[in-house]
Amino acid sequence: MELAEKLDAVEEIKKLKARYFRFVDTKQFDAFRDLFLPEARFDGEGAGMGPIADRDAFIAQSIAGLTGCVSVHHGHCPEVELDSETTATGIWAMEDMLQWEAGPVRSLHGMGHYHETYEKRDGRWYIASWQLKRLRVDMVPA
């Protein structure tokens, strides 16, 4: 790949992750779902989310967890590495703040890292695998 193609690929992956944050916080779950490959793998164990079977289970868990919640997710300091013309890996420092109207937890403030892989299909980048590792979580019970 030429340098311009590499830079364009990295920029497209950054835009993909920016959409991830925007779609999850604005609860555009159909658009959120379309950011992932159908066979994408999810690992939420390091974030207290338990095992996640597949893309549909991840979206269902996201909808359930964010119902009645105002959330703000931010990603920082992306480390995107192209493995080939159609595959890449990325690590993103993250911070999120969530507040629920009701339930056992009133608010959560988390910090950590997303570890992801990406794949380009039909000219578009997708998230192929997702793992969240939290370093710190501050919670306020209801």
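Computed from a predicted model, the values in this text were never measured in an experiment.
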Do side-chain atoms of Asp96 reach the backbone of Gly110 as a donor and acceptor pair under 3.5 angstrom? yes
Cationic N near anionic O, under 4.0 Å, Glu39 to Arg121: yes
Within 6.0 angstrom of Glu12 CD, more than 12 heavy atoms from elsewhere: yes
If hydrophobic clusters are built from ILVMFWY residues whose side chains come within less than 4.5 Å, do Tyr20 and Leu66 share one? yes
Between Glu116 and Trp92, is a side-chain contact (heavy atoms from CB on, under 4.5 Å) present by the stated rule, with each step listed? CA-CA 8 Å; Glu116 298 175 330; Trp92 296 76; 3.9 Å; yes
Is it possible for you to say whether Met139 and Met111 belong to one hydrophobic cluster, with membership spreading through side-chain heavy-atom contacts below 4.5 Å? no
Rounded to the nearest 0.5 Å, what separation is found between the OG atom of Ser84 and the CD atom of Glu119? 8.5 Å
Side chain to side chain, Glu45 and Pro51, heavy atoms closer than 4.5 Å: yes
Can you measure from CE (Met94) to NE2 (His73) and round to the nearest 0.5 angstrom? 6.0 Å
Distance-minimising heavy-atom pair for Arg33 and Ile59: CA-CD1, 3.7 Å
Honestly curious: do Val140 and Trp100 fall in one hydrophobic cluster under the side-chain, below-4.5 Å linking rule? no
Kindly give the heavy-atom pair with the smallest separation between Tyr118 and Trp125, and that separation in Å. CB-CE3, 3.8 Å
Reported OG-to-CZ distance for the pair Ser62 and Phe42, which is rounded to 0.5 angstrom: 8.0 Å
Around atom CG of Asp138, are there more than 12 heavy atoms of other residues, nucleotides or ligands at under 6.0 Å? yes
Looking at every non-hydrogen atom in both residues, tell me the closest pair between Lys14 and Pro78 and how far apart they are. CE-CG, 3.9 Å
Distance check, rounded to the nearest 0.5 Å: Asp43 atom CG versus Leu132 atom CG? 9.0 Å
Rounded distance [0.5 Å steps], OG1 in Thr89 versus CG in Asp83: 4.5 Å
Any donor-acceptor pair under 3.5 Å linking the side chain of Gln61 with the backbone of Met49? yes
Closest contact, heavy atoms only, Gly103 versus Ala142: O-CB, 2.9 Å
For atom CD of Glu11, decide whether the heavy atoms of other residues, nucleotides or ligands shown that lie under 6.0 angstrom number more than 12. yes
Does Asp25 pair with Lys27 as a salt bridge, N-O distance under 4.0 Å? no
Measure from NZ or CZ of Lys17 to the centre of the six-membered ring of Phe21 and say whether it is under 6.0 Å with the direction within 45° of the ring axis. yes
Kindly say whether Phe32 contributes a backbone atom to a donor-acceptor pair with the side chain of Arg19 at under 3.5 angstrom? no
Ile13 vs Leu82, test: side-chain contact (heavy atoms from CB on, under 4.5 Å). Steps then yes/no. CA-CA 10 Å; Ile13 291 167; Leu82 296 174; 4.3 Å; yes
Parallel, tilted or perpendicular, judged at 30° and 60°: which one describes the rings of Phe58 and Trp130? tilted
Any donor and acceptor pair, going by atom type alone, linking the side chain of Arg41 with main-chain N or O of Ile52 inside 3.5 Å? no
Please check if any side-chain donor atom of His109 sits under 3.5 Å from a side-chain acceptor atom of Glu95, or the reverse. yes
Give the cluster check for Ile63 versus Leu98: same hydrophobic cluster or not, with ILVMFWY residues linked at side-chain heavy-atom distances below 4.5 Å. yes
Let me check something: do Leu37 and Leu16 share a hydrophobic cluster, defined by ILVMFWY side-chain heavy atoms less than 4.5 Å apart, either directly or through other members? no
Atom pair CZ/NZ of Arg22 and Lys15 - distance to nearest 0.5 Å: 12.0 Å
If every non-hydrogen atom of Ala57 is compared with every non-hydrogen atom of Ala53, which pair is closest and at what distance? CB-N, 4.0 Å
Report yes if the side chains of Arg134 and Leu108 come closer than 4.5 Å at any heavy-atom pair, otherwise no. yes
